[in-house]
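One structure is given here, and the rest of the page talks about it.
What you see is a predicted model, and the numbers here were worked out from it, not measured in a lab. Quick note on labels: first sequence line is chain A, next is B, and so on, each numbered from 1.
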Amino acid sequence: MMQCGWPLMGPLRWLHYLNKEVKVRAGKGEEHRGWLLSVDPVSASVVLVSFGEAVAVRVVMGHAVEAVEVLRAAADDETAKRLRSVFLPPPSPCLDPKELRQRRDAVRRWLQENRIPVEEEGEELKVAGVLTIAAPYSAHDCRSSNQIILDRIQRLIGIQDCTNQGLPL
Amino acid sequence: MATPVPVLRLPKGPDPNSRGFDPNSPRFIALCRTSISSSAASDTDSEQLQKEQDARSVLREGFLRCLLSMTNKKVQFQMYENVKVEATFGASDIDVLNFQVSDLHTPIGVQKEALIRCQDVISFTFEV
């Protein structure tokens with residue numbers, strides 16, 4: 001299998017293809033067109049998206065890429081906006097500041113009841129100095145570089161959420 | 001008197017703060033030979049390396065979000081030898097070497113759980 005230079009180009013060159021409409025030749029004569037959303041730096045796989053009746057995503061594996069040709073160097077505003085939001089989660093409904101404060105206090109108290117050191121840092125909660133919880137303080141809003149603590153805190157908050165909603169644990 | 005048992009020192013586990021992307025980490029060397037390492041040129045220029053790392057994280061985040069949005073969706077895999085299969089996507093490993101899928105529809109039946117080798121896949125597609 002002859003391999004072209006695509007996987008060897010590196011992140012800086014791949015970055016140039018972002019948000020451009022490209023044609024990718026792959027495998028045995030396959031051709032795919034779409035807007036290039038990303039290139040995985042680990043496997044050189046190309047993520048293409050096309051907007052038809054539905055939003056269709058095609059990922060071409062890096063090892064199978066034969067050639068990448070740029071068809072359109074820039075997207076119009078509408079397309080650029082759609083590209084940015086393809087994989088983003090739907091925006092969470094905005095809670096008013098009073099509800100946010102109540103929620104923050106509830107989460108803080110729950111963590112403290114479970115003997116977890118937590119402080120308020122502005123609008124966010126700082127847990128054990130290594131994990132940050134931003135509004136609206138759900139399990140998804142936890143950010144940390146420590147996987148073990150992240151997992152524990154997410155589970156703990158998840159338990160509180162399930163209890164509040166009367167769902168089984 | 002009981003003889004003292006020598007204490008075994010277990011090998012150090014993976015560095016919890018990185019994901020094995022450091023090309024000098026033992027894990028990377030052992031497992032990721034097929035992964036693409038950073039370019040040789042950037043070894044000598046730290047500013048270039050910083051730019052490359054920034055690009056790398058932007059690109060990887062985009063790809064990970066793609067994988068995330070694929071979970072539990074029906075995905076059509078185009079493999080070599082003109083093989084097309086459909087399955088429900090479960091997860092990928094960190095090096096994108098294997099995909100865990102459920103309900104894999106093959107010509108000889110439906111496989112409840114399966115691992116698809118990424119080297120066998122040309123491309124795959126799904127609807128958001």
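Using a 4.5 Å cut-off between heavy atoms, A/L18 contacts chain B through its side chain alone, with no backbone atom that close. Contacts of A/V46 with chain B are absent, with no heavy-atom separation under 4.5 Å from either backbone or side chain.
Only one option out of B/V128, B/L67, B/L68 pairs with A/F87 in a side-chain contact (heavy atoms from CB on, under 4.5 Å); it is B/V128.
One distance of note links NE2 of A/H32 with CD1 of B/I122; it measures 7.5 Å at 0.5 Å rounding. The distance from atom OG of A/S38 to atom CZ of B/R65, rounded to the nearest 0.5 Å, is 11.0 Å. Taking OG of A/S43 as the reference point, atom CD of B/Q119 lies at 10.0 Å (rounded to 0.5 Å). The CG atom of A/D40 lies 7.0 Å from the CG atom of B/L64; values are rounded to the nearest 0.5 Å. To the nearest 0.5 Å, atoms CG (A/L37) and CG (B/L59) are separated by 11.0 Å. The CZ atom of A/R58 sits 11.0 Å away from atom CZ of B/F126, with the distance rounded to the nearest 0.5 Å.
The environment of B/N82 atom CG is sparse: at most 12 non-hydrogen atoms of other residues, nucleotides or ligands sit within 6.0 angstrom. Around CZ of A/R152, the count of heavy atoms belonging to other residues, nucleotides or ligands within 6.0 Å does not exceed 12. Enclosure of atom NE2 in B/H105 by more than 12 non-hydrogen atoms of other residues, nucleotides or ligands within 6.0 angstrom is indicated. Remark: A/K23 NZ is loosely packed, at most 12 non-hydrogen atoms of other residues, nucleotides or ligands lying under 6.0 Å away. The local environment of CD in A/E30 is crowded, with over 12 non-hydrogen atoms from other residues, nucleotides or ligands closer than 6.0 Å. Shown here is B/E113, whose CD atom has more than 12 heavy atoms of other residues, nucleotides or ligands within 6.0 Å. For A/D77, the CG atom is loosely surrounded, since the number of other residues' heavy atoms within 6.0 Å does not exceed 12. The 12-atom threshold is exceeded at NZ of A/K20, counting heavy atoms of other residues, nucleotides or ligands nearer than 6.0 Å.
Using a 4.5 Å cut-off between side-chain heavy atoms of Ile, Leu, Val, Met, Phe, Trp and Tyr, with links allowed through other members, A/I153 and A/Y137 fall into the same hydrophobic cluster. In terms of hydrophobic clustering, with Ile, Leu, Val, Met, Phe, Trp and Tyr side chains grouped at heavy-atom distances under 4.5 Å, B/F89 and A/V49 are assigned to a common cluster.
Put simply, the side chain of B/F63 does not reach to within 4.5 Å of the side chain of A/V39, judged on heavy atoms. Considering only heavy atoms from C-beta on, B/S123 stays 4.5 Å or farther from A/M61 through its side chain.
Considering only heavy-atom pairs separated by less than 4.5 Å from chain B, the leading option among A/V59, A/L15, A/L12 is A/V59. In terms of heavy-atom pairs under 4.5 angstrom with chain A, the leader among B/E127, B/E61, B/K51, B/Q76 is B/E127.
Under the 3.5 Å distance criterion, the side-chain polar atoms of A/H63 are left unmatched by any main-chain donor or acceptor of B/D120.
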Residue pair A/V57, B/M70: steps toward the side-chain contact (heavy atoms from CB on, under 4.5 Å) verdict
CA-CA 9 Å; A/V57 178; B/M70 227 162 57; over 6 Å; no
